[in-house]
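Here is the structure we will look at, set down as structure tokens.
In what follows, chains are A, B, ... by sequence order, proteins preceding strands, each numbered from 1. Worth saying up front: this structure is predicted, and the values here are computed from it rather than measured.
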Amino acid sequence: MAFGKGCHLHLIDGSAFIFRAYHALPPLTRKSDGLPIGAVSGFCNMLWKYIEDAKGSDAPTHAAVIFDKGSHTFRNDLYDLYKANREEMPEELRPQIPLTREATKAFNIACEEMAGYEADDIIATLARQAREAGGRVTIISSDKDLMQLVGGGVEMFDAMKNRAIGPEEVEAKFGVGPERVIDVQALAGDSVDNIPGAPGIGVKTAALLINEYGDLETLLARAGEIKQPKRRQTLIEKADQIRLSKQLVTLDEQTPLEFTLDDLELREPEPEQLMEFLNQMEFRTLTRRVAEKFGVEPPPVIETVAAPAASSSSATKEPEPETEQVPFDPDSYVCIRDAEELAKWLDEARAKGWVAVDTETTSLDEMKAEFVGVSLSIEPGKAAYIPLGHTSGEGDLFGGAERVEGQMDLEEALSLLKPVLEDDAILKIGQNMKYDFKIFARHGIRVAPIDDTMLMSYAMFSGLHGHGMDALSDRYLNHQPIPIKELIGSGKSQITFDKVDIAKATRYAAEDADITLRLWQMFKPRLHREQVTTVYETLERPLVPVLADMEMAGVKVETAVLSRMSNAFAQKMAQLEDEIGKIAGQPFNVGSPKQLGEILFDQMGVEGGKKGKTGAYGTGADVLEDVTTMEDTNPEAAKLAARVLDWRQISKLKSTYTDALQTHVNAETGRVHTSYVISGANTGRLASTDPNLQNIPVRSEEGRRIREAFVAGPGMKIVSLDYSQIELRILAHVADLPEMREAFKEGLDIHAATASEMFDVPLEKMTPEIRRQAKAINFGVIYGISGFGLARNLRIPRAEAQGFIDRYFERFPGIRKYMDDTVAFAKEHKFVQTLFGRKIHTPDIVSKGPAAGFAKRAAINAPIQGAAADIIRRAMVRMPAAIEGLPATMLLQVHDELIFEVEEKAVDKLIDAARATMEGSAEPSVKLSVPLVVDAGQGASWAAAH
DNA sequence: AACTTCACG
DNA sequence: GACGTACGTGAAGTTC
């Protein structure tokens, strides 16, 4: 039926329905997999009720549900702060948005949206068209922004209050008729949508003014006549802002729609289609109601395996894929070679609200990597690869290799990808997203929002297995991906990805995106079941952009300083080698523990045993140190050991630091860019690689000088802030040690205070030796103390060490309870937890033999080390906002320390802001019973800042 | 690739 | 009664 006179169009504001449903209902989840489903449930119930209610005498002939699409509209182009203070869409809600589209279609109601326009604009346009065609319109919404449309056959209906909104109701709200609503809104502004309006003028005053002058333009033209000086001044000065506001609140009645009113003709739901959807969502009640209504049998209820309340994770292979899995088919993957095809895929991503993304590049180093291709996946089995930088031939000094035909232009592809990658209504899913984030960031694209399957795995399964894609695919999808080696080879003959044939690359790269999407679909609901959603969302995921920015910033390193040190070290080493050769009676490779062992123990007759599976002599520093004490029995060996120790120290500094660091200086930036592995340590700590900047020497005077090469740029300073004794403070809190808590509150030297408590020595009579022993015990406790270990560390008899430990437990009874409770918890659950909910799995806790001992100590240590890691992660996530506007950059993290580069004049401000953020970062999640204290230092170099 | 050693918190 | 033991990392060099 063509739309015309006598027709009645119902327009449902879909977004309003969704939000109302979301906020009205408790957070329901789908039973079979834990998918959040509350908003969809509410949405369906509202639609059903609407259909039932709409059947009276005034029934609609045409109807549509209108949705917003994306968040960027033409209004953002007019005013970049439009809706800028909108809160992020709740995490639980995001995956439900596409489902509400599906629900609408299942109800057989037209479902419309339009990129670049708000739902309100589509509603305005349809209302105008219907009005002009002589029909009537009812807008199902109570949104005040739609009230400008009321009149001339258009009215609104508030479904919650069950009342119509006509011209009288609009006038009651705005003080003017519908035709002047936008004038009032332009003046009054709107804090929700961040429309500025005229400062100091609200709806009441606006209506007064409009009623007096007739309309907005007249008012602005005659603003000079206004008596109140403040009001007059505002209207004159802010006229532009008010006109802009009017533009923003005015709905676009000329939205270019791709459908007509006739397409919206109301249809009865198809019972089967509808029930299949409802059943899939596992809405039992509604499914039954619908079945009754249509007089058909409800479909069989989906068998659900109730999710266990506690964690169900185990070290064994998961039998997860219960439902039929779409088979992997590399031949089905699409190779995207032109803009039309890419646009098609991106539209599907928009419709779904998510897309898995993976990049292929020429290097593992994100700071050097060039784009070779991008792969996308929208649903399991459906993936595509966009080749962008494949080359052939060798290339030479004068020209790059030849570009392979049939590839999109990189810039063109990126310009199409950018709006999707930055659209906050489209979730970008990746495996190790920090890598892809950095590649895109270097091309001016900030990917957001994101999900990362590697980090999901880390949050759920830390301690159980690795989180690389191959391992996850094998374990959870029972699928072995194409090994990268098959494409690029290995070792010396390895090639870069751009040299890979496009057809092969498509099969490999698209598969990665496919796997990532499948893993995500499996992991997302499981985060809830494992109760680590908050950990993932507050401690893992938000770290991705923060770390990416730190890594991209890099730290300035003076190669000249390092080079000078290298030369000095080389000289010293040669000298020592010479001496060592003379003592040994023959030259040998000092760097070879095997040769050294044979010379020391076989030729020079030092008493000492073999160890290790290989049967080689142990020649570690502790062994050699023992040998140096044999001046009386074997003076030659003692001397040799001492020289070797010196040589080893210098060799280490040279090869690992002064030499290697220089090779890591990026040619373009002149700085060193480390890479942090978020899932690197089981406890929640980060790991730093390529190069590792978390183990730059500091303990020895010689080594510490390497930090002099880590410098600030001109006019800048290096600032270092570190948590003081954070692990002991956490121990004092979690193990409930009142004496230690008090010591921290009083700001005492904690090791001295411990010594005083243990050995009954007053603080003023403390000796360095007693304090040293107490310090060793304090650390021992954190590591899961044993008499043997403490004895070795302090080089005292085992019985004496055990005596210390007994005494410690006696004085701090909370310690023993903490240890016992933690181990018992680990045995029961096979994991331990930090204060912030991070889980660290300890499957070996039940094994027999030495592994059990390791697992036990790891279980004792993990909640402490892990909580400290959580605390600094929280600080890092908050840091960008905390130091916003300051000329400062966060550069490095070293477990309990954050390092910044700051303009000299802002050093004090930076320290204040960063310290406050760090000291307060446990809150509000955890209120510690001990204060967190942060020490700060500054200087031209890292050495000076420490 | 495994092992040893040693740098850091 | 014996066995092995501090917790968490990454990199370089040697050996197999």
Side-chain angles (χ1 to χ4, degrees), chain A residues 462-463 490-491 588-597 611-624 644-645 647-661 663-664 674-677 679-700 702-704 706-707 722-728 731 776-794 798 801 805 832 840 842 848-866 868-869 872 892-897 946:
Chain A
S462 185
S490 65
F588 70 101
N589 184 352
V590 186
S592 163
K594 187 166 174 267
Q595 292 178 33
L596 174 65
K611 68 166 189 186
K613 304 141 208 160
T614 56
Y617 291 112
T619 66
D622 49 348
V623 176
L624 295 186
V644 170
L645 282 171
W647 182 91
R648 284 225 182 125
Q649 195 203 354
I650 295 166
S651 166
K652 179 78 175 181
L653 294 178
K654 181 171 187 293
S655 67
T656 309
Y657 300 104
T658 55
D659 286 352
L661 267 177
T663 71
H664 282 285
T674 184
S675 185
Y676 291 100
V677 192
S679 54
N682 288 339
T683 52
R685 275 196 180 175
L686 302 177
S688 161
T689 66
D690 306 304
N692 181 357
L693 295 185
Q694 290 182 322
N695 70 345
I696 302 302
V698 69
R699 290 173 188 170
S700 76
E702 289 252 81
R704 187 156 49 229
I706 289 169
R707 295 186 175 217
D722 68 290
Y723 285 105
S724 163
Q725 304 293 357
I726 188 168
E727 293 193 357
L728 277 178
L731 177 71
I777 302 168
N778 274 335
F779 280 109
V781 166
I782 291 173
Y783 298 149
I785 199 160
S786 76
F788 181 93
L790 182 65
R792 198 174 59 175
N793 192 280
L794 284 177
R798 209 177 141 170
I805 293 169
V832 292
I840 298 105
T842 57
K848 300 270 173 239
F854 279 114
K856 210 168 129 178
R857 290 190 297 275
I860 291 166
N861 173 259
I864 300 166
Q865 186 180 119
I872 197 165
L892 301 174
Q893 187 250 43
V894 192
H895 308 308
D896 64 357
E897 174 187 16
H946 218 276

How close or far is atom P of B:dG9 from atom OH of A:Tyr676, stated in whole angstroms? 13 Å

When all nucleic acid strands are considered with a 4.0 Å heavy-atom cut-off, which category describes A:Asp896: base, sugar-phosphate, or nothing? sugar-phosphate

Report yes if the side chains of A:Leu790 and A:Ile777 come closer than 4.5 Å at any heavy-atom pair, otherwise no. yes

Take the protein atom CD1 of A:Ile777 and the nucleotide atom C1' of C:dC7, then report the distance between them rounded to whole Å. 17 Å

Side chain proximity check, A:Leu693 to A:His664, heavy atoms < 4.5 angstrom: no

Would you indicate what A:Val698 reaches in the nucleic acid, counting non-hydrogen atoms under 4.0 angstrom: base, sugar-phosphate, or nothing? sugar-phosphate

A:Leu596 CG - B:dC6 P separation (whole Å): 10 Å

Which nucleotide in C:dG8, C:dA6, B:dC8 has an atom nearest any side-chain atom of A:Asn695: B:dC8

Touch check for A:Lys594, heavy atoms < 4.0 angstrom, all strands: base, sugar-phosphate only, or nothing? sugar-phosphate

What's A:Leu790 touching, base or sugar-phosphate or nothing? Going by heavy atoms closer than 4.0 Å. base

Could you tell me whether the phosphate oxygens of C:dA6, OP1 or OP2, come under 4.0 Å of any side-chain nitrogen or oxygen in A:Arg857? no

Just compare B:dA7, C:dA11, B:dG9 and give me whichever is closest to any side-chain atom of A:Tyr783. B:dG9

Whole-Å distance, A:Ile696 CD1 to B:dC6 P, equals 18 Å

How far, in whole Å, is B:dC3 from C:dT5 if one measures between their P atoms? 15 Å

Measure from the side chain of A:Thr689, starting at C-beta and using heavy atoms only, and say which of C:dA11, B:dC8, C:dA6 lies closest. C:dA11

Expressed in angstrom and rounded to an integer, what is the separation of A:Leu693 atom CG from C:dA11 atom C1'? 12 Å

Shortest non-hydrogen contact between A:Pro697 and A:Leu653, atoms and distance: CG-CD2, 3.5 Å

Looking only at heavy atoms, the pair that brings A:Gln649 and A:Ser700 closest together is NE2-OG, 3.1 Å

Answer for the Watson-Crick or wobble partner of C:dA2, both distances under 3.5 Å, is none

Can you tell me how far C1' of C:dG8 sits from CD of A:Gln865, to the nearest Å? 4 Å

What nucleic acid atoms does A:Glu727 come within less than 4.0 Å of, heavy atoms only: base, sugar-phosphate, or nothing? nothing

Using a cut-off of 4.0 Å on non-hydrogen atoms, how would the nucleic acid contact of A:Pro850 be classed: base, sugar-phosphate, or nothing? nothing

With a non-hydrogen cut-off below 4.0 angstrom, is A:Arg699 in contact with a base, only sugar-phosphate, or nothing? base

Between A:Trp647 (CH2) and B:dC6 (C1'), how many Å, whole number? 12 Å

Give A:Ser786 one of three labels, base, sugar-phosphate or nothing, depending on what nucleic acid heavy atoms sit under 4.0 Å from its own. base

Looking at B:dA7, C:dT9, C:dA6, which one has an atom nearest to any side-chain atom of A:Arg792? C:dA6

Have a look at A:Ala869 and say if it touches a base, only the backbone sugar-phosphate, or nothing, with a 4.0 Å heavy-atom cut-off. nothing

When we call it a touch if two heavy atoms are under 4.0 Å apart, what does A:Ala862 touch: a base, just sugar-phosphate, or nothing? nothing

Under 4.0 Å: is that the gap between some side-chain N or O of A:Gln595 and OP1 or OP2 of C:dT15? yes

Is any side-chain nitrogen or oxygen of A:Ser700 closer than 4.0 Å to OP1 or OP2 of B:dA7? no

If you check the A:Arg707 side chain, which of B:dT5, B:dC8, C:dA12 turns out closest? B:dC8

Which nucleotide, B:dG9, B:dC6, C:dG10, lies nearest any side-chain atom of A:Asn692? C:dG10

Can you tell me how far the OG atom of A:Ser675 sits from the CG atom of A:Asn692, to the nearest 0.5 Å? 11.0 Å

Across the strands shown, which category fits A:Gly784 at heavy-atom distances under 4.0 angstrom: base, sugar-phosphate, nothing? nothing

Of C:dA6, C:dT15, B:dG9, the nucleotide closest to the side chain of A:Ala776 is C:dA6

Confirm from the modelled atom types if A:Arg648 and B:dT4 form a donor-acceptor pair under 3.5 Å, side chain to base only. no

Spacing of the P atoms in B:dT4 and C:dA6 (rounded, Å): 14 Å

Is A:Ile785 touching bases, backbone alone, or none of the nucleic acid, heavy atoms closer than 4.0 Å? base

Choose from C:dG8, B:dT4, C:dG10 the nucleotide whose nearest atom is closest to any side-chain atom of A:Ala687. C:dG10

Look at all strands and tell whether A:Ser688 reaches a base, only sugar-phosphate, or nothing, counting heavy atoms closer than 4.0 Å. sugar-phosphate

Within this structure, what is the CG-to-C1' distance between A:Leu892 and B:dG9, rounded to whole angstrom? 14 Å

Heavy-atom closest pair (A:Tyr783 atom, A:Arg857 atom, distance to 0.1 Å) is O-CB, 3.6 Å

From the list B:dA7, C:dT15, C:dC7, which nucleotide is the closest neighbour of the side chain of A:Ser592? C:dT15

Report yes if the side chains of A:Ile726 and A:Ile872 come closer than 4.5 Å at any heavy-atom pair, otherwise no. no

Quick one: label A:Phe779 by what it contacts on the DNA or RNA (base, sugar-phosphate, nothing), any heavy atom closer than 4.0 Å. nothing

Distance col, row A:Ser462:OG vs A:Ile840:CD1, nearest 0.5 angstrom, shows 6.0 Å

